[in-house]
Amino acid sequence: MVDLRQLEKDFDTIATSLKRRGVDEKLLEKLKILFEEKKGVQKRLEAAQAEQNQKSKLFGQYKREGKDLSELQKEVAENKARIAALNDELRTLDERLFEVAATIPNIPDADVPDGEDESDNVEIKKILEPKTFDFQPKEHWELAEANGWIDFERGVKIAKSRFSALRLTGARLERALINYMLDFNRNRGFEEVYVPFMTNAESLYGTGQLPKFADDLFKIEGEELYLIPTAEVPVTNLFRDEILDADALPYRLTAYTPCFRKEAGSAGRDTRGIIRQHQFDKVELVAITTPDQSDKLFEEMVACASDLLTSLGLPHRQVLLCAGDMGFSAAKTIDLEVWLPGQGKYREISSISNTRDFQARRAKIRYKDGKKNRLVHTLNGSSLAVGRTLIAIMENYQQADGSINIPDVLKPYL
RNA sequence: GGACAGGUGGGUGAGCUGGCUGAAACCACACCCCUGCUAAGGGUGCGUACCUUUACGGGUACCGAGGGUUCGAAUCCCUCCCUGUCCGCCA
């Protein structure tokens with residue numbers, strides 16, 4: 001959520017920044033006006049309330065002294081009606097303010113490049129040369145089927161399209177990867193946590209998935225609960241509505257969870273294989289920090305995920321997302337794209353974002369800075385998407401005969 | 001799911017026959033004094049959010065959440081949520 005007081009003060013700066021993300025300036029104008037209107041009504045309301053409090057005290061006093069109450073009673077009744085009216089007005093304004101404010105994305109960092117979509121992202125660096133094959137490398141679904149690792153038809157039968165089942169070494173490798181990633185992150189100082197796979201609406205609001213992106217979420221019927229689209233939601237919300245001890249910061253956390261996404265609007269994209277599934281495993285990194293350390297932690301998290309790929313021998317590149325391609329809550333995002341020889345393309349396997357105080361403001365995560373409570377910065381990033389790592393291993397470690405080698409670092413985990 | 005008991009400030013915990021309580025007391029915490037270290041003692045401060053003020057300060061709201069009664073509610077009434085204990089059921 002944007003800081004409304006800051007918006008009031010530096011309207012032009014913020015409007016310019018948000019325009020880079022395609023936010024209509026008129027919307028911001030509206031927000032600013034609503035905010036000012038609200039303040040006016042609030043002042044009048046509070047004045048009326050102060051008057052009421054005073055008169056109520058007098059009322060008690062008069063009564064004790066046996067004085068005539070009729071005049072006072074009339075005044076108080078009139079004032080009461082005024083309070084009720086102002087209260088309604090304030091509530092309406094608040095609702096409208098919330099409606100607008102909650103749908104405005106985060107302000108991009110200054111060093112985020114301009115651009116509208118993926119094509120404007122900026123490659124930072126490549127790590128590991130893609131291997132050359134002396135045969136035509138296959139795509140992962142061919143390899144998966146040939147080795148019996150993935151059962152697409154039965155996954156669809158027991159659920160629906162974009163679901164699949166893993167079998168044999170595929171199933172075991174999935175689990176091995178999860179364990180390997182968690183251990184890798186733990187060795188880098190990230191505390192392993194295990195969290196609920198469903199969360200309530202407040203949590204999803206806190207990290208920015210709601211109210212704007214309800215269509216992407218699976219909701220449990222008859223409950224105010226949703227299946228999580230990413231571990232970022234439960235892990236970051238561990239600290240919602242809390243005031244943290246500054247000395248304990250930063251928190252570095254890592255968690256394995258499955259993720260559930262409706263993939264609304266991506267019909268027809270990546271329909272073959274397991275690139276885009278309604279359910280997939282992910283190991284996530286989350287950091288909660290004081291603002292002065294958030295840049296450092298961002299670098300640390302990018303390095304952690306990138307080194308993890310390197311340790312698996314997977315060629316990849318780091319890409320700085322342009323303003324138009326970033327997620328709603330992010331101020332800055334670096335994606336890691338892994339090389340898939342079968343597709344002959346780099347594909348996203350990790351995404352690391354600094355949300356600055358955007359989520360913290362929504363989720364009310366603060367820390368004590370001397371006397372003052374200040375908003376923390378929150379960061380999140382995939383350690384790696386496990387399913388896509390499995391794909392990357394299949395495609396990069398495939399042999400001419402269609403069999404697949406296992407990266408050495410994973411052997412102890414199988 | 002059933003029965004009871006509860007939900008108050010960082011913690012414990014009063015208040016709950018409505019106004020003098022945003023909230024006692026104790027603990028924790030911060031600062032000061034005293035004590036040559038340690039232990040102990042004394043004093044002061046210490047909730048959150050918003051509005052307002054150059055500053056000192058002032059105002060409003062909040063005692064799980066939302067409604068209601070009342071001139072006035074932490075205190076009375078209703079609904080919901082959560083926690084604890086026992087029973088049932090399960091992993």
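In what follows, chains are A, B, ... by sequence order, proteins preceding strands, each numbered from 1. All of these numbers come straight from a predicted model, not from anything done at the bench.
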What is the distance, to the nearest angstrom, from the [atom1] atom on [X] to the [atom2] atom on [N]?
{"X": "A:Glu224", "N": "B:C82", "atom1": "CD", "atom2": "P", "result": "12 Å"}
{"X": "A:Phe59", "N": "B:C20", "atom1": "CZ", "atom2": "P", "result": "15 Å"}
{"X": "A:Asp241", "N": "B:G47", "atom1": "CG", "atom2": "C1'", "result": "15 Å"}
{"X": "A:Asp94", "N": "B:U60", "atom1": "CG", "atom2": "P", "result": "19 Å"}
{"X": "A:Arg366", "N": "B:C50", "atom1": "CZ", "atom2": "C1'", "result": "13 Å"}
{"X": "A:Asn200", "N": "B:C81", "atom1": "CG", "atom2": "C1'", "result": "11 Å"}
{"X": "A:Asn373", "N": "B:C29", "atom1": "CG", "atom2": "P", "result": "19 Å"}
{"X": "A:Lys80", "N": "B:U69", "atom1": "NZ", "atom2": "P", "result": "7 Å"}

Distance-only donor-acceptor hits, side chain of residues 320-341 of chain A, under 3.5 Å, sequence neighbours excluded:
from     : atom 1 : to       : atom 2 : distance (Å)
A:Asp325 : OD2    : A:Asn121 : ND2    : 3.0
A:Ser329 : OG     : A:Thr207 : O      : 2.9
A:Lys332 : NZ     : A:Asp111 : OD2    : 2.7
A:Thr333 : OG1    : A:Ser353 : OG     : 2.8
A:Asp335 : OD1    : A:Ser351 : OG     : 2.7
A:Glu337 : OE1    : A:Arg317 : NE     : 2.8
A:Glu337 : OE1    : A:Arg317 : NH2    : 2.7

As a check on the pairing definition, encode RNA chain B in dot-bracket form, counting Watson-Crick and G-U wobble pairs whose two distances are under 3.5 Å, and using | for partners outside this strand.
((((((((.[[[..)...(.....]]].(((((.......))))).((((((....)))))).[[[[[..)....]]]]])))))))....
Rounded at 0.5 Å granularity, tell me how far CD in A:Glu224 sits from OG1 in A:Thr199.
10.5 Å
Rounded to the nearest 0.5 Å, what's the gap from OG1 on A:Thr355 to CZ on A:Arg362? Could you check?
10.5 Å
Is the NZ atom of A:Lys411 crowded by more than 12 outside heavy atoms at less than 6.0 Å?
yes
NZ (A:Lys364) with more than 12 external heavy atoms under 6.0 Å
no
Do A:Ser203 and A:Asn200 have side-chain N/O donor and acceptor atoms under 3.5 Å apart?
yes
[N] and [M]: how far apart are their [atom1] atoms, nearest whole angstrom?
{"N": "B:G45", "M": "B:G57", "atom1": "P", "answer": "13 Å"}
{"N": "B:C51", "M": "B:C46", "atom1": "C1'", "answer": "23 Å"}
{"N": "B:G15", "M": "B:C76", "atom1": "C1'", "answer": "15 Å"}
{"N": "B:G67", "M": "B:C81", "atom1": "C1'", "answer": "14 Å"}
{"N": "B:G47", "M": "B:G66", "atom1": "C1'", "answer": "23 Å"}
{"N": "B:U44", "M": "B:A39", "atom1": "C1'", "answer": "23 Å"}
{"N": "B:C27", "M": "B:G9", "atom1": "C1'", "answer": "13 Å"}
{"N": "B:G64", "M": "B:G7", "atom1": "C1'", "answer": "6 Å"}

Compare every heavy atom of A:Leu297 with every heavy atom of A:Pro250, then report the nearest pair and how far apart it is.
CB-CD1, 3.5 Å
Which part of the nucleic acid does A:Lys368 contact within heavy-atom distance under 4.0 Å: base, sugar-phosphate only, or nothing?
sugar-phosphate
Considering heavy-atom distances to RNA chain B, does A:Asn53 or A:Ala77 have its closest nucleotide positioned more toward the 5' end?
A:Asn53
Judged by nearest nucleotide, the residue sitting upstream toward the 5' end of RNA chain B, A:Val76 or A:Lys38, is A:Lys38
Counting heavy atoms from C-beta on, name the nucleotide in B:U52, B:G19, B:G67 closest to the side chain of A:Lys39.
B:U52
So, OP1 or OP2 of B:G67: does either fall under 4.0 Å of a side-chain N or O from A:Arg91?
yes
Only one of A:Asn396, A:Val386, A:Ile349, A:Ile274 passes side chain to side chain contact (heavy atoms under 4.5 Å, CB included) with A:Ile391; say which it is.
A:Ile274
Under 4.0 Å from any atom of RNA chain B, heavy atoms only: list the residues of residues 41-50 of chain A that qualify, in numerical order.
A:Gln42, A:Lys43, A:Glu46, A:Gln49, A:Ala50
Does the ring centre of A:Phe218 sit less than 6.0 Å away from the ring centre of A:Phe260?
no
For residues A:Glu284 and A:Thr257, determine if any side-chain heavy atom of one lies less than 4.5 Å from a side-chain heavy atom of the other.
no
Hey, are A:Glu395 and A:Arg347 close enough for a salt bridge, meaning a charged N less than 4.0 Å from a carboxylate O?
no
